[in-house]
Asker: 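Pasting a structure below so you can have a look.
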Amino acid sequence: MIAFFESVAARLRHFARNLLRRTRVERELSDELDGFVDLLVEEKVAQGQSRDAARRAARLEIGRVDQVKEHVRDVRVGRWLDALRQDVRFGVRALRRRPGFAAVAVLTLGVGMGATTAIFSLIDSVLLKPLPFHEPDRLTTVWEVRPRFNMPRLEAATLNFVDWQDQVQSFESLAAYVNAFVNLTGSGAPERLASSQVTPNLFPTLGVDPFIGRGFTAPEGSPGHTAVAILSHGLWQRRFGADRAIVGQTIRLDGEPHLVVGVMPRGFQFPREGIQVWTPVDIRAGWGVRSRASFFLNVVGRLKPGVSVAQANTELGVVSNRLAQAYKENADGSALAIPLQQDMVRNARTSFLLLLGAAVLVLLIACANVAGLLVTRGAERDREFAVRTALGGSRIQLLRQLLVEGLLLSAAGAVVGVLLATRTFHLLETLVPDSLRGAVGPTLDLRLLTVAFMAVVFTGLVFGLVPLRHALKMDLRTPLNARTTGHPSARRRAQAALVAAEVALAVVVLFSTGLMIRTILNLQAVDPGFRPENVLTANVALTPADYPTPAKQNAFYREVVERVGRLPGVVSAGFTTFLPYTTLIGAAPVAVEGRPDPGNGSNVANVRAVTPDFLRTLGVPLLSGRGYSDRDTGKAAVALVSERVTALFDGNPVGQRMGFGAIGPAAMTVVGVVGDIKGEGLEVPNTRGMIYLPAAQLDAIGFFSPRALAIRTASDPLGLAAAVKREIWAVNPDQTIADVRTLDSIVNGQISGRKVQTQLFTVFAGLALFMAALGVYGLLSFVVTSRESELGVRMAMGAQRRDLVSLIARDSVVWVACGLVGGFALAVAVSRSMSSVIYGVHSLDWMSLTASACVLGAAAGVAALVPVWRATRVDPIAVLRAE
Amino acid sequence: MEQLTQGAFLVNPGSLFPALHRLEQKGWLKAEWGASATNRKAKYYRLTAAGRRQLRAETANWGRISVAISRALRPVEEGA
């Protein structure tokens, strides 16, 4: 054993010596051989030879000194590294001799690798890296499932949540939260903050401790207890100067004093980016609507160690069955736990994997392209290899040389690729799901570099090996004897097959892009049920302490609407509870006078309080009856229903009476019917209708109180933002104004992720198209060059230009057609995986398929023009003279 | 070497020097510079402890093999 280590140590010592002290090692070798010759001479002189004869004999005996040295060098430790250095140096020289070829190859590969590594970095950061919580794989979300509501999952109802906490044993803890906004007043300018109302056990469930201070404790959040709050690290630094003494101080949230008990660590964001303050709510102690049919709690749970999500779901099913039997509202209801990470990324997984697929296709096309270039270049290098082989270079040396050149190209490509990839990170950020944005994002890290390295080896081997086949089969005599490159037909076939493959892969990328573009067009054409253009919106939530009654709030709304309405360029203005796509919750079961409760939840509708001009401002059409007026204020409560709700009524609802759940059916009279809006998302069918109540008739301030302002303008809405703010501050200088943006941007937010995705697909498609065209160009150029003499002879024999063109073009047309057919087959195969990310278009859309084929065919045609033109310009005289 | 083996093995320098260097890299030989008879620099090799161990092992091994081979060949010789 010791001997083994000694031997290893000796080898290492020599390795270092051979590597680092080359000149000295070489000099010693020379000295040693000189010394040897001397000894030999002495020996022979001692045997009686004359000095001259001895010297001649010694020299004869040792042979060629250089050869002996070379043999010694061959046995040196680390010889391979030396060889590699030589190969690399030679490879670099070979590439520099052909800068055009090297540039095209490196750029092509760089773009392919850039696309792949960029998308991988996105996938890595969002899908692969664990969430920044303690043992995140034990965390799940829990949702209510009500098949009759037509929604895959619902937030939890309070009473059901409490029953889950009590009865489901699979979870170590179950926590809940509701997102909200609060006005921060007092020190400094009033500010509207994104907040989350959380059960006291939320932070322990996630396994994250506050950075300073403490978390919430159990009685906090119950009515009557001191109001407390925990700040985000960002808010603490920005607003409170990172002062540790903030813990124990009181801040005013929505006008109420709150004791700050802690600050969360930097980078902690839950449930989403931008939450700046957490306040506790104790659901067990009676916070929130006590109901089994009002779904608004987001639930997150930590599984007990060793319990799987499947086991938890089984138990949730058992408990749900028990609840379904006990309570009418829970009939046919169940619950579903989903791993937290999976839930946070939702649909991102499929679309990311599709993007990665497209990027890898582009990389493969790039590889095929460079392989094609190398094959033709191989033809030019036949002579070089033949000469080297004839001079004693072994085949292994040639193979090594080719591989090293391939790897050099791909390494250079990877450098370009990684640089390109880092340039796209900010674009990719928009694809990160809301719940994770900010916390994670594509970055240049070791994992990404590893992937880039693997891509280098992969591509280097793929296209490095293609020319190897030819190098191996090469017959020395042909290239050495012939003036031309011998028989290039095998190379032509190899290159044509590569071009066909490129075309096939390009068809797939183009086809997928076609589907994505049609999806975007379809989504943009969806009628949301209102007119989103030229509407300015803002969040203007009132602080309850300053506006404690509906009357005071309505006076504010009225004055703001009046003042804003007087601004030049304003058409109308109004307030509502929530704008479309901003909040989905806020629903109630509708009770219609004279109609029994269907008892299955199909009568649940979204409820929004609005000021008189709001619906006109949004552009929601009035279908029958009348809209609101300023006179709808007194005790004669009225309501507007959307078209979908009319199904609950017997005949025309106008004039009929209705109410909500517990309030009883005769609370208000329906005065009009308005259009439905697609408020739950552009691409999902509506599950609920809308009830609009006059803000002036709300009994109390609270959840349904209007807070969103919408202003229809005659021209660019954002141009009015400053004037609108001035008018609001004229009414109340302490009023917070947040989220000033156009309604268009809110609607577009629905498809912004898709748009970026489609842009990326379009870029990939452009690259695929360009590279495929480049491949066709390369193939035909090669064909024309290698058949130049044949063309010249044919021409001299009287062939027409047309004949030459068809001779050159025939093969390539066949190969491109083969590629197209293969591409169709591939596209059909992958189209199924697209079905979940497209909208309003069949996954086997023939239009996209035809369009991609036409575009590719046209590009191939254009690429063929120059080589074919060159074929017709072959000068027969020159060719014949050269023969 | 030539003298030792009475001319059976003729080791030319193209094989000798690579072999010496290989043994040195394995730590079985140690090289020293010395002076030749004409007072010029010459490199001398000496067995190290590890080299001696290796030599013993190889010698023993060779002994086994040569005995085995001569045993295996004897019937052939006798038969022939």
Side-chain angles (χ1 to χ4, degrees), chain A residues 1-19 24-47 51 54-55 57-80, chain B residues 1-70:
Chain A
M1 204 59 189
I2 294 163
F4 171 76
F5 282 120
E6 272 171 8
S7 155
V8 167
R11 289 180 75 89
L12 279 177
R13 210 163 47 239
H14 279 97
F15 181 69
R17 219 170 99 87
N18 290 343
L19 207 67
R24 176 150 175 213
V25 170
E26 281 295 320
R27 199 180 59 230
E28 286 187 4
L29 180 59
S30 289
D31 289 350
E32 178 178 4
L33 290 177
D34 287 349
F36 176 72
V37 173
D38 282 350
L39 285 177
L40 219 53
V41 171
E42 297 304 322
E43 195 180 292
K44 288 184 198 305
V45 169
Q47 282 168 2
R51 193 154 280 274
R55 202 165 284 147
R59 211 165 286 148
L60 208 64
E61 193 171 318
I62 194 164
R64 281 174 47 203
V65 175
D66 284 340
Q67 218 161 21
V68 176
K69 282 184 179 173
E70 196 53 43
H71 284 309
V72 172
R73 284 184 200 124
D74 272 343
V75 304
R76 277 188 195 149
V77 199
R79 169 73 180 153
W80 58 272
Chain B
M1 186 69 79
E2 197 181 344
Q3 291 158 7
L4 274 177
T5 59
Q6 297 168 359
F9 285 120
L10 208 165
V11 182
N12 68 11
S15 312
L16 174 66
F17 284 98
L20 286 174
H21 279 257
R22 205 180 271 142
L23 293 175
E24 187 191 355
Q25 285 176 10
K26 287 187 176 177
W28 294 337
L29 288 185
K30 197 167 165 44
E32 277 166 10
W33 291 99
S36 68
T38 51
N39 231 355
R40 290 182 65 171
K41 234 166 108 181
K43 202 172 180 184
Y44 293 93
Y45 290 93
R46 185 199 309 261
L47 269 177
T48 62
R52 211 161 285 125
R53 272 200 303 278
Q54 187 68 19
L55 180 62
R56 268 200 295 278
E58 293 289 341
T59 312
N61 198 21
W62 173 252
R64 273 199 300 280
I65 288 175
S66 64
V67 168
I69 287 182
S70 33

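Here is the naming used below: chain letters follow the sequence lines, and residue numbers restart at 1 for every chain.
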Asker: Have E32(A) and Y45(B) got a donor and an acceptor in their side chains that come within less than 3.5 Å?
Answerer: yes
Asker: Looking at side-chain heavy atoms only, is the closest gap between K43(B) and F36(A) below 4.5 Å?
Answerer: no
Asker: Looking at residues at least two apart in the chain, or sitting in another chain, which of them share a side chain to side chain donor-acceptor pair (under 3.5 Å) with R56(B)?
Answerer: none
Asker: Residues two or more places apart in sequence or in another chain: which of them pass side chain to side chain donor-acceptor pair (under 3.5 Å) with R55(A)?
Answerer: none
Asker: Heavy-atom distances under 4.5 Å only: say whether R76(A) touches chain B with side chain, backbone, both or neither.
Answerer: both
Asker: Where do Q25(B) and F15(A) land on the side-chain contact (heavy atoms from CB on, under 4.5 Å) test, with the steps shown first?
Answerer: CA-CA 9 Å; Q25(B) 285 176 10; F15(A) 181 69; over 6 Å; no
Asker: Restricting to non-hydrogen atoms, name the atom on A42(B) and the atom on L39(A) that form the minimum distance, rounded to 0.1 Å.
Answerer: CB-CD1, 4.2 Å
Asker: More than 12 heavy atoms of other residues, nucleotides or ligands under 6.0 Å from NZ of K69(A): yes or no?
Answerer: yes
Asker: Most heavy-atom pairs under 4.5 angstrom with chain B, which of Q67(A), R73(A), E28(A)?
Answerer: E28(A)
Asker: Among H21(B), E24(B), K26(B), find the one that has a side-chain contact (heavy atoms from CB on, under 4.5 Å) with H14(A).
Answerer: E24(B)
Asker: Please classify the contact of L29(A) with chain B as side chain, backbone, both or neither, using a heavy-atom distance under 4.5 Å.
Answerer: side chain
